[in-house]
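Written out below as C-alpha coordinates is the structure these notes cover.
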Amino acid sequence: MQLTVDLRSDTVTKPTPGMLEAMWSAKVGDDVFGEDESVNALEQKTAAIFGMEAGLFCPSGTMTNQIAIKCFTQPLDELIADQTAHVYRYEGGGIAFNSGVSTRLLNGYRGIITAEMIEPEINAENIHYPHTSLVVLENTVNKGGGSCYTLQDIKPIAELCKAKGLKLHLDGARIFNALTHTGDKAADYGEYFNGISVCLSKGLGTPVGSVLLADAETIKYARRIRKVLGGGWRQAGFLAAAGIYALDHHVERLKVDHAHARILNDELSNLHWVSHVLPVETNIVLFDTVEPAEQVLQKLASNGIKALPTDKYRIRFVLHLDVHPEQIEHVIKVLRCF
Ligand SMILES: *Cc1c(COP(=O)(O)O)cnc(C)c1O
(Lines give C-alpha, C1' and ligand atoms only; values in the text may rest on other atoms or scores of the structure.)
Protein backbone atom coordinates (compact mmCIF):
# COMPACT_ATOMS: atom_id res chain seq x y z
CA MET A 1 0.00 0.00 0.00
CA GLN A 2 1.23 3.48 -0.87
CA LEU A 3 2.08 5.83 1.99
CA THR A 4 0.08 9.05 2.05
CA VAL A 5 1.53 12.25 3.45
CA ASP A 6 -0.59 15.33 3.96
CA LEU A 7 1.60 18.44 4.01
CA ARG A 8 -1.17 20.91 3.12
CA SER A 9 -1.55 22.32 6.61
CA ASP A 10 -0.99 21.59 10.30
CA THR A 11 -4.77 21.75 10.70
CA VAL A 12 -5.25 18.28 9.16
CA THR A 13 -4.17 16.34 12.27
CA LYS A 14 -6.53 13.85 13.92
CA PRO A 15 -6.79 13.43 17.70
CA THR A 16 -4.37 10.88 19.17
CA PRO A 17 -5.71 7.97 21.30
CA GLY A 18 -4.61 9.80 24.49
CA MET A 19 -6.41 12.95 23.38
CA LEU A 20 -9.58 11.02 22.54
CA GLU A 21 -9.46 9.41 25.97
CA ALA A 22 -9.18 12.86 27.61
CA MET A 23 -12.12 14.11 25.54
CA TRP A 24 -14.21 11.07 26.33
CA SER A 25 -13.78 11.48 30.07
CA ALA A 26 -14.14 15.30 30.18
CA LYS A 27 -16.28 16.91 32.86
CA VAL A 28 -18.69 19.19 31.00
CA GLY A 29 -21.54 21.63 31.64
CA ASP A 30 -23.31 24.46 29.85
CA ASP A 31 -20.60 26.98 28.97
CA VAL A 32 -23.14 29.72 28.20
CA PHE A 33 -23.98 29.54 31.92
CA GLY A 34 -20.24 29.47 32.67
CA GLU A 35 -20.66 25.95 34.05
CA ASP A 36 -18.34 23.90 31.89
CA GLU A 37 -15.47 22.88 34.16
CA SER A 38 -13.21 21.81 31.34
CA VAL A 39 -13.70 25.05 29.40
CA ASN A 40 -13.04 27.11 32.53
CA ALA A 41 -9.92 25.06 33.26
CA LEU A 42 -8.60 25.48 29.69
CA GLU A 43 -9.21 29.23 29.73
CA GLN A 44 -7.41 29.65 33.07
CA LYS A 45 -4.57 27.33 32.12
CA THR A 46 -3.86 29.08 28.82
CA ALA A 47 -4.03 32.53 30.44
CA ALA A 48 -1.58 31.42 33.15
CA ILE A 49 0.87 30.04 30.56
CA PHE A 50 1.07 33.44 28.84
CA GLY A 51 0.92 35.60 31.97
CA MET A 52 -2.50 37.01 31.05
CA GLU A 53 -5.51 37.48 33.32
CA ALA A 54 -8.31 35.65 31.53
CA GLY A 55 -9.20 33.56 28.49
CA LEU A 56 -12.12 32.86 26.17
CA PHE A 57 -12.37 29.55 24.32
CA CYS A 58 -13.66 29.98 20.76
CA PRO A 59 -14.31 27.68 17.79
CA SER A 60 -11.62 29.19 15.55
CA GLY A 61 -8.62 31.44 15.35
CA THR A 62 -10.52 33.67 12.97
CA MET A 63 -13.11 34.20 15.68
CA THR A 64 -10.56 34.98 18.42
CA ASN A 65 -8.79 37.48 16.13
CA GLN A 66 -12.01 39.12 15.00
CA ILE A 67 -13.30 39.40 18.56
CA ALA A 68 -9.99 40.93 19.67
CA ILE A 69 -10.15 43.52 16.87
CA LYS A 70 -13.73 44.35 17.89
CA CYS A 71 -12.67 44.73 21.53
CA PHE A 72 -9.69 46.98 20.77
CA THR A 73 -11.23 49.35 18.20
CA GLN A 74 -14.24 51.57 17.51
CA PRO A 75 -15.89 51.93 14.08
CA LEU A 76 -13.93 54.45 11.91
CA ASP A 77 -10.64 53.41 13.54
CA GLU A 78 -7.68 52.00 11.65
CA LEU A 79 -5.42 49.10 12.53
CA ILE A 80 -1.84 48.51 11.37
CA ALA A 81 -0.61 45.09 10.21
CA ASP A 82 1.81 43.56 7.74
CA GLN A 83 0.42 43.05 4.22
CA THR A 84 0.63 39.27 4.63
CA ALA A 85 -1.44 39.30 7.85
CA HIS A 86 -3.96 36.51 8.26
CA VAL A 87 -6.41 38.96 9.91
CA TYR A 88 -6.41 40.97 6.67
CA ARG A 89 -5.95 38.38 3.94
CA TYR A 90 -7.66 35.26 5.15
CA GLU A 91 -10.49 36.31 7.41
CA GLY A 92 -12.95 37.20 4.69
CA GLY A 93 -12.80 40.97 5.09
CA GLY A 94 -13.92 40.60 8.71
CA ILE A 95 -12.01 43.67 9.92
CA ALA A 96 -14.30 45.92 7.86
CA PHE A 97 -17.42 43.80 8.30
CA ASN A 98 -17.29 43.06 12.02
CA SER A 99 -15.58 46.17 13.32
CA GLY A 100 -16.05 48.89 10.66
CA VAL A 101 -12.29 49.45 10.78
CA SER A 102 -9.84 50.18 7.96
CA THR A 103 -6.44 48.54 7.63
CA ARG A 104 -3.03 50.15 7.03
CA LEU A 105 -0.71 47.58 5.52
CA LEU A 106 3.06 47.54 5.95
CA ASN A 107 5.64 45.76 3.86
CA GLY A 108 7.61 43.74 6.40
CA TYR A 109 10.41 41.28 5.81
CA ARG A 110 8.71 37.87 5.58
CA GLY A 111 5.78 39.41 7.45
CA ILE A 112 7.90 40.77 10.30
CA ILE A 113 7.38 44.48 11.00
CA THR A 114 9.27 46.86 13.28
CA ALA A 115 8.53 49.86 15.47
CA GLU A 116 10.39 52.05 12.93
CA MET A 117 8.01 50.90 10.20
CA ILE A 118 4.90 51.34 12.35
CA GLU A 119 5.56 54.79 13.80
CA PRO A 120 5.21 56.90 10.62
CA GLU A 121 1.98 55.07 9.76
CA ILE A 122 0.19 56.12 12.94
CA ASN A 123 -2.23 58.84 11.93
CA ALA A 124 -2.07 62.25 13.55
CA GLU A 125 -5.22 63.49 15.26
CA ASN A 126 -7.01 65.11 12.30
CA ILE A 127 -10.59 64.90 11.06
CA HIS A 128 -9.38 63.62 7.67
CA TYR A 129 -7.68 60.55 9.04
CA PRO A 130 -9.08 57.41 10.56
CA HIS A 131 -8.03 57.06 14.17
CA THR A 132 -5.19 54.54 14.54
CA SER A 133 -5.97 52.38 17.56
CA LEU A 134 -4.49 48.91 17.09
CA VAL A 135 -1.42 47.04 15.85
CA VAL A 136 -1.69 43.34 15.01
CA LEU A 137 1.38 41.08 14.88
CA GLU A 138 1.46 37.44 13.78
CA ASN A 139 3.90 34.94 15.32
CA THR A 140 4.90 32.82 13.52
CA VAL A 141 3.99 34.49 10.22
CA ASN A 142 2.07 31.99 8.11
CA LYS A 143 2.64 33.68 4.73
CA GLY A 144 6.22 34.47 5.79
CA GLY A 145 6.94 30.74 5.83
CA GLY A 146 6.82 30.36 9.61
CA SER A 147 9.12 33.33 10.32
CA CYS A 148 9.39 34.39 13.97
CA TYR A 149 9.49 37.47 16.15
CA THR A 150 11.62 37.23 19.28
CA LEU A 151 10.50 39.09 22.40
CA GLN A 152 13.45 41.43 21.69
CA ASP A 153 11.76 42.31 18.37
CA ILE A 154 8.40 42.76 20.06
CA LYS A 155 9.53 44.94 22.96
CA PRO A 156 10.09 48.20 20.99
CA ILE A 157 6.76 47.69 19.21
CA ALA A 158 4.98 47.25 22.56
CA GLU A 159 6.71 50.36 23.91
CA LEU A 160 5.69 52.40 20.87
CA CYS A 161 2.08 51.21 21.20
CA LYS A 162 2.01 52.14 24.86
CA ALA A 163 3.51 55.59 24.19
CA LYS A 164 0.99 56.28 21.40
CA GLY A 165 -2.03 54.83 23.19
CA LEU A 166 -2.47 51.94 20.73
CA LYS A 167 -3.53 48.43 21.65
CA LEU A 168 -1.34 45.50 20.56
CA HIS A 169 -2.81 42.13 19.56
CA LEU A 170 -0.93 38.95 18.71
CA ASP A 171 -2.30 36.45 16.22
CA GLY A 172 -0.58 33.50 17.84
CA ALA A 173 -1.99 30.74 15.64
CA ARG A 174 1.51 29.18 15.80
CA ILE A 175 2.84 30.89 18.92
CA PHE A 176 4.19 27.64 20.36
CA ASN A 177 6.20 27.07 17.18
CA ALA A 178 7.67 30.55 17.66
CA LEU A 179 8.50 29.84 21.31
CA THR A 180 10.09 26.52 20.37
CA HIS A 181 12.35 28.29 17.88
CA THR A 182 13.24 31.43 19.85
CA GLY A 183 13.44 29.93 23.34
CA ASP A 184 11.47 32.89 24.70
CA LYS A 185 9.22 32.22 27.68
CA ALA A 186 5.46 32.19 27.11
CA ALA A 187 4.90 33.79 30.53
CA ASP A 188 6.78 36.91 29.39
CA TYR A 189 4.31 37.57 26.56
CA GLY A 190 1.55 38.87 28.84
CA GLU A 191 3.30 42.12 29.65
CA TYR A 192 3.62 43.15 25.99
CA PHE A 193 0.22 42.36 24.50
CA ASN A 194 -3.33 43.50 25.19
CA GLY A 195 -4.67 40.43 23.42
CA ILE A 196 -3.25 37.06 22.34
CA SER A 197 -4.96 34.52 20.15
CA VAL A 198 -3.65 30.98 20.76
CA CYS A 199 -4.60 28.21 18.34
CA LEU A 200 -4.99 24.66 19.61
CA SER A 201 -5.86 22.98 16.32
CA LYS A 202 -2.70 23.72 14.34
CA GLY A 203 0.56 22.25 15.64
CA LEU A 204 -0.99 21.24 18.94
CA GLY A 205 -3.30 18.85 17.15
CA THR A 206 -6.77 19.31 18.67
CA PRO A 207 -9.81 18.93 16.42
CA VAL A 208 -11.10 22.48 17.02
CA GLY A 209 -10.45 25.60 18.99
CA SER A 210 -8.52 28.74 19.86
CA VAL A 211 -8.28 30.72 23.08
CA LEU A 212 -8.35 34.53 23.24
CA LEU A 213 -6.33 35.94 26.14
CA ALA A 214 -6.62 39.43 27.62
CA ASP A 215 -7.41 41.18 30.88
CA ALA A 216 -10.59 40.16 32.69
CA GLU A 217 -12.51 43.30 31.67
CA THR A 218 -11.73 42.77 27.97
CA ILE A 219 -12.65 39.07 28.15
CA LYS A 220 -16.00 39.98 29.72
CA TYR A 221 -16.78 42.12 26.67
CA ALA A 222 -15.24 39.51 24.34
CA ARG A 223 -17.72 36.95 25.72
CA ARG A 224 -20.55 39.26 24.67
CA ILE A 225 -19.09 39.61 21.15
CA ARG A 226 -18.62 35.85 20.87
CA LYS A 227 -22.32 35.44 21.74
CA VAL A 228 -23.35 37.93 19.05
CA LEU A 229 -21.29 36.00 16.49
CA GLY A 230 -23.17 32.82 17.42
CA GLY A 231 -20.20 31.41 19.30
CA GLY A 232 -21.90 30.86 22.66
CA TRP A 233 -21.49 27.12 22.87
CA ARG A 234 -22.75 24.59 25.35
CA GLN A 235 -20.84 21.42 26.40
CA ALA A 236 -17.69 22.61 24.67
CA GLY A 237 -15.72 20.91 27.43
CA PHE A 238 -15.17 17.85 25.25
CA LEU A 239 -13.15 20.09 22.96
CA ALA A 240 -11.55 22.03 25.81
CA ALA A 241 -10.33 18.72 27.27
CA ALA A 242 -8.51 18.09 23.99
CA GLY A 243 -6.92 21.53 24.38
CA ILE A 244 -5.74 20.83 27.93
CA TYR A 245 -4.31 17.51 26.78
CA ALA A 246 -2.51 19.23 23.90
CA LEU A 247 -0.97 21.88 26.16
CA ASP A 248 0.31 19.11 28.43
CA HIS A 249 1.54 16.68 25.76
CA HIS A 250 2.01 18.30 22.36
CA VAL A 251 4.07 21.44 22.96
CA GLU A 252 7.39 19.74 23.66
CA ARG A 253 7.17 17.66 20.45
CA LEU A 254 6.91 20.66 18.09
CA LYS A 255 10.70 20.46 17.80
CA VAL A 256 10.20 17.21 15.89
CA ASP A 257 8.18 19.09 13.25
CA HIS A 258 10.89 21.74 13.06
CA ALA A 259 13.57 19.07 12.60
CA HIS A 260 11.50 17.47 9.83
CA ALA A 261 11.17 20.87 8.15
CA ARG A 262 14.94 21.32 8.25
CA ILE A 263 15.49 17.86 6.72
CA LEU A 264 13.16 18.75 3.84
CA ASN A 265 14.85 22.13 3.50
CA ASP A 266 18.27 20.48 3.10
CA GLU A 267 16.90 17.99 0.62
CA LEU A 268 15.07 20.57 -1.50
CA SER A 269 18.14 22.81 -1.59
CA ASN A 270 19.99 20.13 -3.60
CA LEU A 271 17.34 19.43 -6.22
CA HIS A 272 17.75 20.68 -9.81
CA TRP A 273 14.01 21.33 -10.24
CA VAL A 274 13.88 23.61 -7.17
CA SER A 275 15.09 27.15 -7.86
CA HIS A 276 14.96 28.53 -4.31
CA VAL A 277 14.12 27.42 -0.77
CA LEU A 278 13.09 30.14 1.67
CA PRO A 279 14.79 30.15 5.09
CA VAL A 280 13.17 27.57 7.39
CA GLU A 281 12.69 28.58 11.02
CA THR A 282 9.78 26.47 12.22
CA ASN A 283 7.37 23.94 10.69
CA ILE A 284 6.73 25.56 7.31
CA VAL A 285 8.86 25.09 4.17
CA LEU A 286 8.30 27.37 1.16
CA PHE A 287 10.14 26.64 -2.07
CA ASP A 288 10.10 27.83 -5.66
CA THR A 289 9.93 25.43 -8.57
CA VAL A 290 11.33 25.70 -12.09
CA GLU A 291 8.13 24.39 -13.68
CA PRO A 292 4.69 25.64 -12.56
CA ALA A 293 3.76 24.52 -9.05
CA GLU A 294 0.58 22.81 -10.30
CA GLN A 295 2.63 20.37 -12.38
CA VAL A 296 4.87 19.47 -9.45
CA LEU A 297 1.87 19.11 -7.17
CA GLN A 298 0.28 16.65 -9.61
CA LYS A 299 3.41 14.50 -9.55
CA LEU A 300 3.48 14.66 -5.76
CA ALA A 301 -0.20 13.72 -5.57
CA SER A 302 0.33 10.67 -7.76
CA ASN A 303 2.87 9.54 -5.13
CA GLY A 304 0.48 10.07 -2.24
CA ILE A 305 1.86 13.46 -1.18
CA LYS A 306 -0.53 16.37 -0.74
CA ALA A 307 0.67 19.97 -0.62
CA LEU A 308 -0.59 23.43 -1.61
CA PRO A 309 0.73 26.14 -3.92
CA THR A 310 1.15 29.63 -2.45
CA ASP A 311 2.03 31.14 -5.82
CA LYS A 312 2.36 30.09 -9.46
CA TYR A 313 5.89 28.78 -8.88
CA ARG A 314 5.85 28.31 -5.10
CA ILE A 315 4.85 25.32 -2.96
CA ARG A 316 4.31 25.07 0.78
CA PHE A 317 5.00 22.04 2.97
CA VAL A 318 3.67 22.17 6.53
CA LEU A 319 4.95 19.67 9.10
CA HIS A 320 2.76 18.44 11.94
CA LEU A 321 1.88 15.79 14.50
CA ASP A 322 0.71 13.26 11.91
CA VAL A 323 3.90 13.29 9.82
CA HIS A 324 6.24 10.55 11.03
CA PRO A 325 9.87 9.81 10.10
CA GLU A 326 8.93 7.05 7.62
CA GLN A 327 6.72 9.55 5.80
CA ILE A 328 9.61 12.03 5.61
CA GLU A 329 11.70 9.25 4.06
CA HIS A 330 8.95 8.59 1.52
CA VAL A 331 8.76 12.30 0.62
CA ILE A 332 12.54 12.46 0.14
CA LYS A 333 12.51 9.36 -2.07
CA VAL A 334 9.77 10.87 -4.23
CA LEU A 335 11.42 14.32 -4.45
CA ARG A 336 14.65 12.73 -5.70
CA CYS A 337 12.83 10.99 -8.56
CA PHE A 338 11.63 14.15 -10.31
C1 LIG B 1 -4.90 29.27 10.78
C2 LIG B 1 -4.62 30.65 11.19
C3 LIG B 1 -5.57 31.42 11.89
C4 LIG B 1 -6.94 30.95 12.31
O5 LIG B 1 -7.51 30.06 11.51
P6 LIG B 1 -8.87 29.29 11.82
O7 LIG B 1 -8.91 28.35 10.67
O8 LIG B 1 -9.95 30.29 11.81
O9 LIG B 1 -8.75 28.62 13.14
C10 LIG B 1 -5.21 32.69 12.27
N11 LIG B 1 -4.00 33.18 11.97
C12 LIG B 1 -3.06 32.47 11.33
C13 LIG B 1 -1.72 33.07 11.10
C14 LIG B 1 -3.34 31.19 10.91
O15 LIG B 1 -2.39 30.49 10.25
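All heavy atoms count here, side chains included; hydrogens, waters and symmetry mates do not. Note that ligands are numbered from 1 as they come in the structure, with each ligand's atoms numbered from 1 the same way. Numbers for residues simply follow the sequence, beginning at 1. The structure presented is a predicted model; accordingly, all values stated were derived computationally and were not measured.
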Query raised in the report: Can you list the ligand 1 atoms lying under 4.0 Å from a non-hydrogen atom of Arg174?
Result: 15 (O)
Report task. Could you tell me whether the side chains of Ser147 and Glu281 share a donor-acceptor contact shorter than 3.5 Å? Result -> no
Query raised in the report: Taking everything shown except Lys155 itself, do over 12 heavy atoms lie less than 6.0 Å from its NZ?
Result: no
**Report entry** Side-chain heavy atoms of Leu166 within contact of Leu134, under 4.5 Å
**Finding:** no
Query raised in the report: Are there more than 12 heavy atoms of other residues, nucleotides or ligands under 6.0 Å from atom OH of Tyr192?
Result: yes
Report summary line: Under 4.0 Å between heavy atoms, the region of Thr62 that gets near ligand 1 turns out to be both
**Report entry** Under 4.0 Å to a heavy atom of Glu138 - the qualifying atoms of ligand 1, by number
**Finding:** 13 (C)
Requested in this report: Evaluate whether atom CZ of Arg224 has more than 12 neighbouring non-hydrogen atoms of other residues, nucleotides or ligands under 6.0 angstrom away.
Outcome: no
Query raised in the report: What residue and heavy atom of the protein are closest to atom 11 (N) of ligand 1, and at what distance?
Result: Asp171 OD2, 2.6 Å
Query raised in the report: Are any of the N/O atoms in Ser210 less than 3.5 Å from those in ligand 1?
Result: no
Requested in this report: Check each heavy atom of Thr11 against ligand 1 and say whether those closer than 4.0 Å belong to the side chain, the backbone, both or neither.
Outcome: neither
Query raised in the report: For residues Thr218 and Asp215, is any side-chain donor paired with an opposing acceptor at under 3.5 Å?
Result: yes
Report summary line: In this structure, atom 9 (O) of ligand 1 is nearest to the protein heavy atom Gly61 N, 2.8 Å
Requested in this report: Would you mind running through ligand 1 and noting each atom that sits below 4.0 Å from a heavy atom of Lys202?
Outcome: 1 (C), 2 (C), 3 (C), 4 (C), 5 (O), 14 (C), 15 (O)
Query raised in the report: Is the closest side-chain donor-acceptor distance between Glu91 and Asn65 under 3.5 Å?
Result: yes
Requested in this report: For Asn142, take its heavy atoms, then give the atoms of ligand 1 lying under 4.0 Å from any of them.
Outcome: 13 (C), 15 (O)
Query raised in the report: In this structure, which one of His250, Lys255, His249 forms a side chain to side chain donor-acceptor pair (under 3.5 Å) with Glu252?
Result: Lys255
Query raised in the report: At a 4.0 Å threshold, what atoms of ligand 1 neighbour a non-hydrogen atom of Ser60?
Result: 8 (O), 9 (O)
Query raised in the report: Do you see a protein non-hydrogen atom under 4.0 Å from atom 7 (O) of ligand 1?
Result: no
